[in-house]
Number of protein chains: 2
Amino acid sequence: MSDVAHAAGVSTMTVSNVLTGRRRVSTQTRTRVERAAADLGYELNLTARHLRAGRTDTVALAVPFFDHPYFGELAARLARLLAPEGRHLVVEQTGPSREAELAAVTRARWQLYDGVLLSVVGMTAADLDDLRTSVPLVLLGEQQMPARYDHVRMDNVGGARLATAHLLATGARRIAVVGGAEPSADAGMMPARTLGWALAHEDAGAAAEPGLVVRAPADLASGREAVRRIVRDGIAFDAVLAVTDTLAAGVLAGLAEAGLRVPDDVQVVGFDNLASSELTVPALSTVDPGHEHLATEALRLLDVAVARGPGRGADGAADAPRHVTAPAELVLRATTRERRG
Amino acid sequence: MSDVAHAAGVSTMTVSNVLTGRRRVSTQTRTRVERAAADLGYELNLTARHLRAGRTDTVALAVPFFDHPYFGELAARLARLLAPEGRHLVVEQTGPSREAELAAVTRARWQLYDGVLLSVVGMTAADLDDLRTSVPLVLLGEQQMPARYDHVRMDNVGGARLATAHLLATGARRIAVVGGAEPSADAGMMPARTLGWALAHEDAGAAAEPGLVVRAPADLASGREAVRRIVRDGIAFDAVLAVTDTLAAGVLAGLAEAGLRVPDDVQVVGFDNLASSELTVPALSTVDPGHEHLATEALRLLDVAVARGPGRGADGAADAPRHVTAPAELVLRATTRERRG
DNA sequence: CTGTTAGCGCGTTCAC
DNA sequence: GTGAACGCGCTAACAG
């Protein structure tokens with residue numbers, strides 16, 4: 001920068017002023033400076049600016065996996081909200097395992113950001129409790145979190161309940177939960193959605209059979225595998241609640257393989273409303289977890305955290321942390337039947 | 001940091017030494033310092049370290065869209081390669097339009113990184129030519145790029161040729177190219193893949209009918225839309241080469257909608273080998289563009305660029321820029337028939 | 001409208 | 001094995 005200043009015959013301060021536009025500079029010197037900068041191929045050093053300013057105008061989204069479409073869509077939404085304000089979003093990966101997630105978190109990396117949206121999957125409440133950081137933080141995730149953090153989540157129980165109720169109303173009697181788990185509101189996504197399934201049965205005065213809870217990891221191959229298993233075991237079922245759209249895609253593949261027609265023989269509902277789910281064959285009925293609401297709220301929370309000053313993000317002595325739940329909504333497409341009546 | 005030093009009764013230098021481990025420190029003072037740091041909740045300021053060091057041990061991947069699965073998968077691969085070396089990957093979005101892409105590029109953002117992998121989609125060679133940056137850069141993308149940059153690409157022509165040849169060999173005679181364009185090796189992904197389609201016809205002594213080139217943007221809804229269009233127009237076809245897997249998913253949806261059986265009535269091949277393509281119904285045959293090779297080479301190139309020193313990335317006076325093409329490979333699943341004989 | 005001074009929080013260099 | 005001084009590149013704050 002001093003090179004530019006020298007070439008333009010001014011001080012570095014003036015160069016800085018031209019670049020930031022914070023102070024008025026005569027048109028004459030401005031053009032001289034701009035010329036000099038262009039000639040020298042000068043590039044502002046953002047690292048230095050950030051150090052000086054104590055701000056970076058950048059928010060990080062830390063996700064467990066780069067390659068899950070859910071996070072890609074979330075990132076795109078957040079970027080769209082941040083861009084008009086001249087703020088930036090960068091995405092970092094915390095890692096595929098609980099250990100990696102922890103290690104990522106321990107690293108002082110996010111000192112580099114004004115705030116961090118942390119998508120929690122593998123970490124436990126205890127892990128998070130150890131996490132002392134002064135960077136404004138908002139947690140995204142479905143399990144129980146320490147109360148002292150701001151936290152945004154979906155309405156997993158409500159969404160699954162809605163979906164299951166619809167299946168019941170369309171005549172389904174034996175609804176398998178692929179990706180199911182021990183029902184619980186606080187133990188993560190799978191237990192919460194399974195709870196919704198159970199509650200919907202209760203609402204309808206029907207029995208939720210534990211034998212229809214099919215455990216499966218939330219990866220690509222598992223949905224198909226799960227269907228193969230229940231078919232092989234001769235378990236009767238006339239509908240599937242897949243706890244994620246990814247699992248649902250596998251379920252559809254498995255059903256096709258088994259010669260079962262959707263929705264005539266078996267109805268299917270997913271959860272997440274991924275963009276790609278519109279294109280499954282048949283088009284997937286699913287639960288929309290309130291993506292837009294979720295993204296908006298997460299940023300709003302982060303902004304108030306940033307506003308009340310970095311440096312006391314963790315001790316939370318100031319305001320009470322906020323917890324918001326985005327409302328879920330049922331999206332009916334072609335893998336379910338019409339409601340009777 | 002000086003607080004910690006004070007609390008531990010040492011100088012900041014010693015604290016620094018403890019933290020970096022660069023110089024030997026007596027076990028005694030080390031523990032004293034560590035205790036003090038923990039008590040005070042001290043966090044290293046990475047911005048300052050980066051300014052001082054001139055390095056960040058971080059590579060950026062700049063992509064046009066966060067929410068396209070292809071980029072998510074690429075990012076995951078790169079992160080997997082970087083992690084063992086203690087280097088980090090962050091993903092930034094350049095923006096959805098050519099304008100946004102340009103603006104993103106113009107910003108001095110990637111001074112923040114040791115190197116940048118830039119995924120080019122909307123920008124032209126001329127745009128890139130204007131892009132003077134001292135940050136080591138490797139271009140990823142399928143159109144013609146200025147020769148002075150390192151560049152990694154897929155074998156689009158070869159891959160499409162392979163796929164088309166297989167369709168021809170299985171008896172297909174009228175192969176529509178969904179997402180096709182004016183054939184050309186240098187004008188981007190769609191023209192290159194269309195060229196492969198044309199060349200395969202030539203190889204087989206068959207006629208590549210221009211009427212079977214179906215233009216379509218590479219987004220989610222377009223594949224289905226394209227099929228609707230050709231069916232409505234009464235164009236006869238017995239196979240589809242979709243230029244991306246995403247388009248292929250739409251094509252499968254469109255064919256199902258039209259009551260056409262896959263692969264009996266119409267065969268389908270995609271391009272990209274996305275993870276999700278294994279779960280389409282039926283499972284999609286596709287071209288794998290050599291993902292792993294691509295990621296490895298991109299990083300290797302970036303590393304030599306970084307090694308020869310930032311500060312003269314763009315003028316390329318030093319070494320000749322490198323251009324590598326990853327080999328494509330056909331992945332046969334259930335949307336194609338067996339080769340005859 | 002422009003320049004001078006000082007310091008953001010580290011780590012290299014050189015002394016002890 | 002430890003400390004003091006200096007500077008990475010930028011920009012508030014205060015002159016002028």
Side-chain angles (χ1 to χ4, degrees), chain A residues 1-37 40-58 107-114 133-135 309-311, chain B residues 1-37 40-58 107-114 133-135 309-311:
Chain A
M1 180 152 124
S2 72
D3 292 355
V4 175
H6 194 255
V10 296
S11 77
T12 61
M13 202 52 237
T14 303
V15 177
S16 173
N17 288 332
V18 170
L19 264 39
T20 60
R22 267 194 218 292
R23 272 158 60 164
R24 297 200 50 73
V25 176
S26 78
T27 328
Q28 219 191 114
T29 44
R30 146 164 291 120
T31 50
R32 265 221 317 282
V33 168
E34 280 165 351
R35 276 274 306 280
L40 291 161
Y42 167 74
E43 283 171 73
L44 181 66
N45 182 322
L46 277 188
T47 304
R49 173 182 282 185
H50 291 168
L51 174 59
R52 180 67 236 231
R55 297 186 312 103
T56 62
D57 290 322
T58 303
R107 293 184 310 226
R109 289 274 312 162
W110 44 55
Q111 286 284 351
L112 298 172
Y113 307 110
D114 287 350
T133 177
S134 64
V135 179
Chain B
M1 181 152 123
S2 71
D3 292 355
V4 176
H6 195 255
V10 295
S11 77
T12 61
M13 203 49 241
T14 304
V15 177
S16 174
N17 289 331
V18 169
L19 264 38
T20 60
R22 265 193 220 292
R23 271 157 60 162
R24 297 203 51 72
V25 177
S26 77
T27 330
Q28 220 189 114
T29 45
R30 147 161 290 120
T31 49
R32 265 220 319 280
V33 169
E34 279 165 352
R35 276 273 308 280
L40 292 162
Y42 167 73
E43 281 172 74
L44 180 65
N45 182 322
L46 278 188
T47 304
R49 172 182 284 186
H50 289 168
L51 175 58
R52 182 63 238 237
R55 298 186 311 105
T56 61
D57 291 321
T58 303
R107 290 181 315 227
R109 288 274 310 160
W110 42 54
Q111 286 284 353
L112 297 171
Y113 307 109
D114 287 350
T133 176
S134 64
V135 179

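In what follows, every heavy atom counts, from backbone to side chain, and hydrogens, waters and symmetry copies are set aside. Numbered from 1 within each chain, the chains take letters A, B, ... in sequence-line order. None of the values given here were measured: they were computed from a predicted structure.
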Value in whole Å for how far the C1' atom of D:dG1 lies from CZ of B:R32: 12 Å
Of D:dT2, D:dT11, C:dT12, the nucleotide closest to the side chain of A:T12 is D:dT11
Gap between atoms CZ and C1', on A:R49 and C:dG9 respectively (whole Å): 19 Å
Measuring from the side chain of A:M13 (C-beta onward, heavy atoms only), which nucleotide among D:dC10, C:dC10, C:dT4 has the closest atom? C:dT4
Can you tell me the distance, in whole Å, between the CG atom of B:N45 and the C1' atom of C:dG9? 6 Å
Should B:T14 be listed as having a side-chain N or O under 4.0 Å from OP1 or OP2 of D:dG3? yes
Looking at C:dG9, I'd like to know if its phosphate oxygens (OP1 or OP2) sit under 4.0 Å from a side-chain N or O belonging to B:Y42. no
Member of B:L19, B:V18, B:T29 meeting the side-chain contact (heavy atoms from CB on, under 4.5 Å) criterion with B:E34: B:V18
For the side chain of B:R23, starting at C-beta, report the closest nucleotide among C:dG11, D:dA12, C:dC14. C:dC14
With nearest nucleotide decided by heavy atoms, which residue, B:S11 or B:R52, maps closer to the 5′ end of DNA chain D? B:S11
Would you tell me whether B:T58 and A:R109 have side-chain atoms, one donor and one acceptor, within less than 3.5 Å of each other? yes
Taking all heavy atoms of B:V4 and all of B:A37, pick out the closest pair and write down the distance. CG1-N, 3.9 Å
Are B:T29 and D:dT2 close enough that a side-chain N or O sits under 4.0 Å from OP1 or OP2? yes
Does C:dG9 have its OP1 or OP2 closer than 4.0 Å to a side-chain nitrogen or oxygen of B:T47? no
To the nearest angstrom, how far is B:H50 atom NE2 from C:dG11 atom P? 10 Å
Closest nucleotide among C:dC8, D:dC10, C:dG11 to the A:L51 side chain: C:dC8
Rounded distance (nearest 0.5 Å) linking atom OG1 of A:T47 with atom CZ of B:R55: 12.5 Å
Separation of atom NE2 in B:H6 from atom C1' in D:dA4, rounded to whole Å: 16 Å
Roughly, in whole Å, what's the span from CG in B:L19 to C1' in C:dT12? 16 Å
Sugar-phosphate, base or nothing in reach of A:L44, heavy atoms under 4.0 Å: sugar-phosphate
Check the distance between C:dG11's C1' and B:N17's CG and give it to me in whole angstrom. 9 Å
State, with a plain yes or no, whether a side-chain heavy atom of B:R23 is found less than 4.5 Å away from one of B:S16. no
Would you mind classifying the nucleic acid contact of B:T20 as base, sugar-phosphate or nothing, using non-hydrogen atoms under 4.0 angstrom? sugar-phosphate
Which nucleotide in the list D:dA12, D:dC10, D:dT2 gets nearest to the side chain of A:R22? D:dA12
Interatomic distance where CE belongs to A:M1 and C1' belongs to C:dT4 [whole Å]: 13 Å
